[in-house]
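Each remark here refers to the structure printed beneath this line.
Given the structure is predicted, the values throughout are model-derived calculations rather than measurements.
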Amino acid sequence: MKKLFICLLMLTACKEKSESVEKSNWDWIATEVTASAYNSVAWQTKSVNPNIAAWGDTLKPGMKCIAVSRDLLRQGLRYNTMVMIDTFPDTFYVKDKMNKRWKNRIDIYMGKDIKKAREWGKRKLDICYAVPIDTINPSK
């Protein structure tokens, strides 16, 4: 019952968000994911430069961005997708991809603040993400 209530709240928030952000251009989709946090430090990535995300963006502390598991990419959480996370007031953007081993997960970027990321830990939460509406063929 609690999950149903939370989902209804998120869908209401998604609807309100879609009305305020380019009213007719986005559908907001709610889903539950496992969220953790990450930092741009060498030992958390295989990259030569830990500030460079999967699509080539340079990550800087303070940016509101997330990494997503590859299964979520197939569900519409692609590069630069707008995402609302139920415990944050800000809109985040998909800027990075996670390792193939992860499923139904997001990583919230927390700059170089390792302590903050560890305190965040890992938790299940609801997110809403924006998918562009096909304005040429609205039946899709």
statement: In this structure, CG of D86 is separated from CD1 of I127 (nearest 0.5 Å) by 9.5 Å
statement: Minimal heavy-atom distance between D107 and A37, with the atoms involved, is OD1-N, 3.7 Å
statement: One should read off an interatomic distance between I85 CD1 and I66 CD1, to the nearest 0.5 angstrom, of 5.5 Å
message: Please enumerate all residues that pass side-chain contact (heavy atoms from CB on, under 4.5 Å) together with A35, with sequence neighbours excluded.
response: I106, I108, W120, L125
statement: OG1 of T81 to CZ of F92, rounded to nearest 0.5 Å, is 14.5 Å
query: Does any non-hydrogen side-chain atom of V131 lie less than 4.5 Å from one of I133?
result: no
- request: Would you list the pairs meeting salt bridge (Lys or Arg N to Asp or Glu O under 4.0 Å) in which at least one residue belongs to residues 53-69, sequence neighbours left out?
  value: D57-K95, K64-D90
- prompt: Any donor-acceptor pair under 3.5 Å linking the side chain of K112 with the backbone of N39?
  reply: no
- prompt: Under the side-chain hydrogen bond (donor to acceptor under 3.5 Å, both in side chains) test, which residues partner D71, sequence neighbours left out?
  reply: S69
- request: Output all residues satisfying ring-ring contact (aromatic ring centres under 6.0 Å, His included) with Y93, sequence neighbours left out; order by chain, then residue number.
  value: none
message: Which residues end up grouped with Y38 if you chain together Ile, Leu, Val, Met, Phe, Trp and Tyr wherever their side-chain heavy atoms are less than 4.5 Å apart?
response: L59, M63, Y109
query: Of the non-hydrogen atoms in V94 and R78, which two are nearest, and what is the gap between them?
result: CB-O, 3.3 Å
- request: Work out which heavy atom in Y129 is nearest to a heavy atom in Q75; give both atom names and the distance.
  value: OH-O, 3.0 Å
query: Can you check whether V83 reaches L77 side chain to side chain, under 4.5 Å on heavy atoms?
result: yes
statement: Taken to the nearest 0.5 Å, the spacing of I29 CD1 from D27 CG works out to 6.5 Å
query: Apart from M98 itself, what residues make up its hydrophobic cluster, given side-chain heavy atom links below 4.5 Å?
result: W102
- prompt: Taking all atoms of both residues into account, what is the closest heavy-atom pair of P50 and S40, and its distance?
  reply: O-CB, 3.4 Å
task: State which residues pass side-chain contact (heavy atoms from CB on, under 4.5 Å) with K115; sequence neighbours excluded, sorted by chain then number.
output: D113, E119
query: Which atom pair, heavy atoms only, marks the closest approach of S36 to R105?
result: OG-NH2, 3.1 Å
field: Test side-chain contact (heavy atoms from CB on, under 4.5 Å) applied to R118 - qualifying residues, sequence neighbours left out
entry: W43, I114
field: By ring-ring contact (aromatic ring centres under 6.0 Å, His included) - contacts of Y79 (at least two apart)
entry: W55
- request: Could you tell me whether K116 atom NZ has more than 12 heavy atoms of other residues or ligands within 6.0 Å of it?
  value: no
message: Between L73 and K97, is there a side-chain heavy-atom distance shorter than 4.5 Å?
response: yes
message: Taking the side chain as everything from C-beta on, heavy atoms only, tell me whether M82 gets closer than 4.5 Å to W26.
response: yes
- prompt: Do side-chain atoms of N99 reach the backbone of R101 as a donor and acceptor pair under 3.5 angstrom?
  reply: yes
